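Notes to accompany the following structure.
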Amino acid sequence: MRYLTRLQSLCSNSQLSRLKISHLSSFSKSSKPLQPKKTNKPPLNSQTSYIASLFSDITDILSVGNATTDKIPSGFTISNESHPKTPLVGEAFHSCTQAVRTNVSKDEPDISPVVHQITEIVRAEKGVVSMEERLENSGCLFEPKVVEKVLKRCFKVPHSALRFFNWVKLRQEFYHTTEIYNTMLCITGELRDFGLMEELERDMEINSCEKDIKTWTILVSQYGKAKLIAKSFKVFDKMKKCGFEPDVVAYRLMVRLLFNAGNGDIAFEFYKEMARKEMALDFNLYRMLLNYVARLGKVDDVHSIVDDMIKIAQIPEYDTYSCMLKSFCVAGRIREALALTQDLKNKEIPIDVNYFETLVKGLCMAGRIEDALEIVDIMNRRDLVNGKVYGIIINGYLRKNDLLKALVMFQRMKETGYSPMASTYTELMQHLFKFKEFQKGCELYYEMLERGIKPDSVAITAMAAGHVRQNDLSKAWKVFKSMEDIGIWPTWKSYSIFIKELCRVSRTDWIFKVLNEMQASKIVIGDEIFHWVISCMEKKGEKDNVESVKKIQRTCKTYSQEGEEESSNDASRR
């Protein structure tokens, strides 16, 4: 019952507090725990020597040449695309449409021309003759399959689709089908009109259209996307009570929305039920799950999840163990990461450069840079090091604000013939500017250009921000606009950093210049930026400028709403 209590606490003033969810209650009553892989943990007072022993084993692995130079072992791939992916509603909707197109029976008449004709009428812009009148005069027969296809083609213009549905359901030849209602539930869900969704559900009952598994999955998904966790949970529970066994898609949807809502404990219970039914998560969800249990220090559960990834999801061992290592490193569980490496050595599973890059990064994140350097030195002797590895070490020093050691490592890296990555240059520049070493930061930027390393938007923005702090606004703007010269268009993030620096030096005139530039580039400015700007001007007592900015803010909101309508009209024309 503790999970029911936990869920109820999420929204005490909602229906959830009055909802008895038997699904969650059953977890604590009848659920068998995962069968964990037993691990031999040393006593607490011997952990230090245990870690030292493990680290010695790691260096032994590299010293005897057990590491491979291939980035990825033959036959394996780290790409997420190699693993099953949870279909989103839009993707499922699209695949459903494709299936309809490809599975039309040869004996059935081709309804495509009729569908196309009706779709054009529904998606057309407003004219002198109403949509309803044009449909009435079209001479078309509005059969359920035709209606379903038209609605799917009007998914991007939901208001028009809804208007068409309300008209067509009154036609004499029309009769209701579950497929049509499923499509309408998708459309109304995208509109966030949940009152209408409930009305559609009632209409299904009135018109004897039984819900199928897709209906329930759509409802769970749409409520989940709106972060209505209690509602999604209620629908999921009702689905089971109505005799529908949730499929893998429904379970994945619940696990994902619970993780996204920060309810990892409940998501983990759903996963355990899936595991008992031998249902697999997709790779990204497994990664989220591993990160969650690793942070809690539940090592046995981590091993159980990994076993499921290999046996149930049939994810290659290389991908699985790499994911496992990353979860330990992200959670700061270095002892467990080292133990995993030792375990892989015993199993004779090849360890490649990717793996050790992750381990080096984990050691640096844990502040154990000296240990990381020992591994790097051995890798260097075996020609396994690259610029990325050095970048990880430099990042580790910068995390500790040890700029001097980071610069020493940077120089050593270049002297040994390794080319720094753009991200390494950027991080060093940012810290140099932070410590008021503006000239050295500029030298790094121009060195990067001379080496032929293309700066990214982060590097250019950092350089521009440095010039702002030096109060050289013309130079800052020239550098910022240089993004466009190399085919990079400033993002909202880049603009927001630039404006924040302008607020720091209280340059109101330039703030207006950048805001106007954002408007001209059709970049949504957002209330966060307006808040910075207004606060800056209020501190300076610039009341007139504050009103001018608020006017721009109102204009942006109006433009945003008009843009959404224009987008729908563009979809209609297409």
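Just so it is clear, the model here is predicted, and its values are computed rather than measured.
Checked against side-chain hydrogen bond (donor to acceptor under 3.5 Å, both in side chains), Lys481 has the following partners two or more places apart in sequence or in another chain: Glu484, Glu517. Partners of His116 by side-chain hydrogen bond (donor to acceptor under 3.5 Å, both in side chains), not counting sequence neighbours, listed by chain and number: Glu120. Under the rule for a salt bridge (Lys or Arg N to Asp or Glu O under 4.0 Å), the partners of Arg171 that lie at least two apart in sequence or sit in another chain are Glu136, Glu173.
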Criterion side chain to side chain contact (heavy atoms under 4.5 Å, CB included) on Ser160 and Arg123, from CA distance to verdict: CA-CA 7 Å; Ser160 298; Arg123 295 176 66 163; 5.8 Å; no
Derivation of the salt bridge (Lys or Arg N to Asp or Glu O under 4.0 Å) call for Lys277 and Glu273: CA-CA 6 Å; Lys277 297 179 180 181; Glu273 185 168 301; 3.7 Å; yes
Criterion salt bridge (Lys or Arg N to Asp or Glu O under 4.0 Å) on Lys211 and Glu201, from CA distance to verdict: CA-CA 9 Å; Lys211 293 185 178 75; Glu201 284 190 77; 3.6 Å; yes
Worked verdict on Phe480 versus Tyr495 for ring-ring contact (aromatic ring centres under 6.0 Å, His included): CA-CA 9 Å; Phe480 189 82; Tyr495 276 111; 5.1 Å; yes
Derivation of the side-chain hydrogen bond (donor to acceptor under 3.5 Å, both in side chains) call for Ser304 and Asp301: CA-CA 5 Å; Ser304 294; Asp301 285 340; 5.0 Å; no
Verdict with reasoning, Thr215 to Glu210, per side chain to side chain contact (heavy atoms under 4.5 Å, CB included): CA-CA 9 Å; Thr215 311; Glu210 295 185 359; over 6 Å; no
Derivation of the side chain to side chain contact (heavy atoms under 4.5 Å, CB included) call for Cys323 and Phe283: CA-CA 9 Å; Cys323 189; Phe283 188 76; 4.1 Å; yes
Audit row: Leu219, Phe194, side chain to side chain contact (heavy atoms under 4.5 Å, CB included) steps and yes/no: CA-CA 10 Å; Leu219 290 170; Phe194 300 109; over 6 Å; no
Worked verdict on Glu190 versus Lys225 for salt bridge (Lys or Arg N to Asp or Glu O under 4.0 Å): CA-CA 9 Å; Glu190 291 300 310; Lys225 285 167 65 177; 2.6 Å; yes
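In this structure the side chain of Ile310 never reaches within 4.5 angstrom of the side chain of Ile315, judged on heavy atoms. Two residues are said to be in side-chain contact when any heavy atoms from C-beta on lie closer than 4.5 Å; Asn182 and Glu148 fail this criterion. The side-chain heavy atoms of Gln553 and Ile534, taken from C-beta on, include a pair separated by under 4.5 Å. Contact of the Tyr223 side chain with the Leu257 side chain is not registered, since no non-hydrogen atoms from C-beta on lie closer than 4.5 Å. Lys454 places a side-chain heavy atom less than 4.5 Å from the side chain of Ile488.
Under the 4.0 Å criterion applied to side-chain N and carboxylate O atoms, Glu528 and Lys500 are not assigned as salt-bridge partners. Ionic pairing of Lys551 and Glu547 is not present here: no N-O contact between side-chain nitrogen and carboxylate oxygen is shorter than 4.0 angstrom. Classification of Lys311 and Glu278 as a salt-bridged pair fails, no side-chain N sitting under 4.0 Å from a carboxylate O. Between Lys240 and Glu245, no side-chain nitrogen of the basic residue sits less than 4.0 Å from a carboxylate oxygen of the acidic one, so the salt-bridge criterion is not met.
No more than 12 heavy atoms of other residues, nucleotides or ligands sit less than 6.0 Å from atom NZ of Lys238. Counting heavy-atom neighbours within 6.0 Å of Lys227 NZ, excluding the residue itself, gives a total of 12 or less.
For the residue pair Asn291 / Ser327, no side-chain donor-acceptor distance below 3.5 Å is found, with atom types taken as modelled. A donor-acceptor contact under 3.5 angstrom links the side chains of Ser494 and Thr491, judged on distance only. For the residue pair Arg163/Asn166, the side-chain donor-acceptor check at 3.5 Å is not satisfied. Neither side chain, Ser322 nor Asp319, offers a donor N or O lying under 3.5 Å from an acceptor on the other. Side-chain contact of Asp308 with Tyr286: a donor-acceptor pair under 3.5 Å is absent, judged by distance alone.
Aromatic ring pairs are classed by plane angle as parallel below 30°, tilted from 30° to 60° and perpendicular above 60°; the pair Tyr292 and Phe268 is tilted. Between Phe270 and Phe236, the ring planes lie perpendicular to each other; the angle is over 60°, past the 30° to 60° tilted range.
For Gln222 (side chain) and Cys186 (main-chain N/O), a donor-acceptor pair under 3.5 Å exists by modelled atom type. Checked by atom type and distance alone, the side chain of Thr358 never pairs as donor or acceptor with a backbone atom of Lys326 at under 3.5 Å. Between the side chain of Asn516 and the backbone N or O of Phe512 there is at least one donor-acceptor pair closer than 3.5 Å. A distance-only check finds no donor-acceptor pair linking the side chain of Lys272 to the backbone of Ala267 [under 3.5 Å]. Of the possible polar contacts, none joining the Asn263 side chain to the Phe259 backbone as a donor-acceptor pair under 3.5 Å is found.
Between Tyr175 and Phe142, the ring centre distance reaches or exceeds 6.0 Å. Aromatic rings of Tyr271 and Tyr251 (six-membered ring for Trp) have centroids beyond the 6.0 Å cut-off, not under it.
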